[in-house]
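See below for the structure under consideration.
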Protein chains: 2
Amino acid sequence: MSEQENLEDILFYSLERSIKSYRQFAQQQLVKKGFEITIDQWLLLKTVYDNPGQTQNQIAQTIFKDFASVTRMVELLVEGKYIIRNPHPTDRRRFHLKLSELAVNLLDNMQLVIENNRRIALNNISKQQILQFHQVLDLIYNNCTA
Amino acid sequence: MSEQENLEDILFYSLERSIKSYRQFAQQQLVKKGFEITIDQWLLLKTVYDNPGQTQNQIAQTIFKDFASVTRMVELLVEGKYIIRNPHPTDRRRFHLKLSELAVNLLDNMQLVIENNRRIALNNISKQQILQFHQVLDLIYNNCTA
DNA sequence: CAAATATAATTGATATATCAATAATATTCA
DNA sequence: TGAATATTATTGATATATCAATTATATTTG
């Protein structure tokens with residue numbers, strides 16, 4: 001390579017580093033509190049909670065995952081009794097997904113830990129900084145999906 | 001859950017969304033230009049290029065990956081003739097990793113595409129915004145690893 | 001209506017993420 | 001020195017990421 005660039009200086013390297021450190025931290029906190037699902041599973045459950053009628057394809061879009069990943073995640077969550085999967089009343093290609101009571105309680109119990117994780121991760125960062133940070137994130141997203 | 005929160009408003013949701021959209025965009029650009037390695041493999045190769053003597057554990061730390069992942073990635077890259085793995089001269093637990101000429105050329109050829117990807121992803125974002133964005137990323141990293 | 005097309009979900013293959021256990025070798029220190 | 005400990009890397013198991021192919025069902029359209 002003709003020119004040298006320092007990894008530390010590459011923005012997307014720092015972006016990866018931050019999100020990974022947050023994910024690890026958040027997951028460890030969950031384990032520490034005795035919760036047995038992954039952050040990704042939490043996100044999927046929350047999405048089903050918010051929109052029980054969604055197709056799996058819609059869920060995939062909402063949580064930025066591949067259809068295949070969602071199929072497999074739903075499988076595991078159905079096995080684990082977190083998601084109840086019924087045939088869709090009018091479209092036989094689909095399923096109707098909803099949370100079990102177990103899952104609703106789980107989400108409820110996890111909420112404080114999740115919020116606390118976010119608070120710790122954003123410690124000493126001002127509201128103003130966070131707002132601008134969020135704006136740049138959205139700009140990057142738009143640039144990459146345009 | 002007692003309170004509703006909108007996924008869009010959750011900072012770490014947007015963070016995931018941005019980094020994933022960038023990764024997908026960047027990978028697609030590579031494929032489009034005919035390059036056959038993944039972004040992650042590129043990062044590992046670049047790390048070996050910068051520090052040929054590094055242990056796999058050090059590489060793992062540098063690129064924020066698990067030791068196990070690095071072992072498997074190195075395996076594939078050795079098979080693909082991108083990395084040359086020799087016994088370490090004094091420590092028989094280690095290997096000495098270095099890039100093949102093929103890999104050096106590959107990195108060289110990829111450089112322009114990679115830089116272009118970053119440029120597009122950061123389009124219409126000012127230097128000032130990027131600087132502050134980078135600072136917040138580092139703060140989050142510090143908060144999560146403290 | 002029937003054929004073409006689109007949509008929803010699954011499955012297979014390969015790469016990566018993570019944790020735990022193991023093997024080989026080095027280092028430390030009693 | 002020799003036993004305990006630490007380090008380096010591998011391997012196994014399970015979850016997720018991604019692409020491609022497939023199946024089943026719906027929708028569109030000639």
Side-chain angles (χ1 to χ4, degrees), chain A residues 16-17 19-32 36-45 48 53-80 82-83 85-97, chain B residues 16-17 19-32 36-45 48 53-80 82-83 85-97:
Chain A
E16 288 279 357
R17 186 170 76 161
I19 190 68
K20 284 202 180 175
S21 68
Y22 174 70
R23 288 176 67 86
Q24 282 175 2
F25 163 71
Q27 189 68 56
Q28 278 166 9
Q29 293 303 113
L30 290 184
V31 169
K32 203 176 285 177
E36 301 194 329
I37 65 172
T38 66
I39 302 269
D40 285 318
Q41 291 174 332
W42 172 84
L43 183 59
L44 197 156
L45 290 179
V48 174
Q54 272 186 119
T55 66
Q56 292 184 191
N57 285 355
Q58 286 170 328
I59 292 172
Q61 280 196 311
T62 304
I63 65 179
F64 332 124
K65 287 181 190 297
D66 195 77
F67 306 154
S69 295
V70 170
T71 292
R72 287 164 182 135
M73 290 177 74
V74 167
E75 238 171 61
L76 289 174
L77 290 166
V78 168
E79 274 174 34
Y82 297 107
I83 286 181
R85 182 163 63 171
N86 287 315
H88 190 276
T90 61
D91 189 334
R92 294 203 296 169
R93 293 169 304 182
R94 298 193 199 175
F95 295 100
H96 181 88
L97 304 181
Chain B
E16 289 278 357
R17 187 171 75 160
I19 190 68
K20 284 200 180 178
S21 68
Y22 173 70
R23 288 175 67 85
Q24 281 175 3
F25 162 70
Q27 189 67 57
Q28 277 166 9
Q29 294 302 113
L30 290 184
V31 169
K32 203 176 285 179
E36 300 196 329
I37 65 173
T38 66
I39 302 269
D40 285 317
Q41 290 174 331
W42 173 84
L43 184 59
L44 196 156
L45 290 179
V48 173
Q54 274 186 117
T55 65
Q56 293 184 190
N57 285 355
Q58 286 170 328
I59 292 172
Q61 279 194 311
T62 303
I63 65 179
F64 331 125
K65 289 184 188 295
D66 195 77
F67 305 153
S69 294
V70 170
T71 291
R72 288 166 182 135
M73 288 176 76
V74 167
E75 239 170 62
L76 290 174
L77 289 166
V78 168
E79 275 174 35
Y82 297 107
I83 286 181
R85 182 163 62 172
N86 287 315
H88 190 276
T90 62
D91 188 337
R92 294 203 296 169
R93 292 169 304 181
R94 298 194 199 174
F95 295 101
H96 181 88
L97 303 182

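In what follows, chains carry the letters A, B, and so on, assigned in the order in which the sequence lines appear, proteins first and then strands, with residues in each chain numbered from 1.
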Listed partners of [X] passing side chain to side chain contact (heavy atoms under 4.5 Å, CB included), at least two apart:
{"X": "Thr62(B)", "value": "Leu7(A), Tyr13(A), Thr47(B), Gln54(B)"}
{"X": "Tyr82(A)", "value": "Ile37(A), Leu45(A), Leu77(A), Leu102(A), Ala103(A), Leu106(A)"}
{"X": "Ile39(A)", "value": "Ala26(A), Gln27(A), Leu30(A)"}
{"X": "Arg72(A)", "value": "Ala68(A)"}

Taking OP1 and OP2 of dT10(C), is either one under 4.0 Å from a side-chain nitrogen or oxygen of Thr71(A)?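 Yes, such a contact exists.
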For dA8(C), does OP1 or OP2 lie under 4.0 Å from any side-chain N or O of Gln58(A)?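 Negative; the distance criterion is not met.
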Listed by chain and number, what are the salt bridge (Lys or Arg N to Asp or Glu O under 4.0 Å) partners of Arg93(A), not counting sequence neighbours?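 Residues passing salt bridge (Lys or Arg N to Asp or Glu O under 4.0 Å) with Arg93(A): Asp91(A).
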With sequence neighbours left out, which residue pairs that include part of residues 58-71 of chain B fulfil the salt bridge (charged side-chain N to carboxylate O under 4.0 Å, His left out) condition?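 Output for this query lists Asp40(B)-Lys65(B).
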Review item, nucleotides 23-25 of chain C N/O atoms under 3.5 Å of protein N/O:
from: dT25(C); atom 1: O2; to: Arg93(B); atom 2: NH1; distance (Å): 3.4

Reading 5' to 3' through nucleotides 12-21 of chain D, protein heavy-atom contacts under 4.0 Å coded B for base, S for sugar-phosphate only, - for none: BB-SSBBB--
How long is the line joining [atom1] of [X] and [atom2] of [N], in whole Å?
{"X": "Asn57(A)", "N": "dA6(C)", "atom1": "CG", "atom2": "P", "result": "15 Å"}
{"X": "Leu44(B)", "N": "dA9(D)", "atom1": "CG", "atom2": "P", "result": "12 Å"}
{"X": "His96(A)", "N": "dA9(C)", "atom1": "NE2", "atom2": "C1'", "result": "17 Å"}
{"X": "Gln56(A)", "N": "dT23(D)", "atom1": "CD", "atom2": "C1'", "result": "15 Å"}
{"X": "Glu75(B)", "N": "dT8(D)", "atom1": "CD", "atom2": "P", "result": "19 Å"}
{"X": "Arg94(B)", "N": "dA26(C)", "atom1": "CZ", "atom2": "P", "result": "10 Å"}

Close side-chain approach of His88(A) to Thr55(A), heavy-atom, < 4.5 Å: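 No, too far: nothing below the 4.5 Å cut-off.
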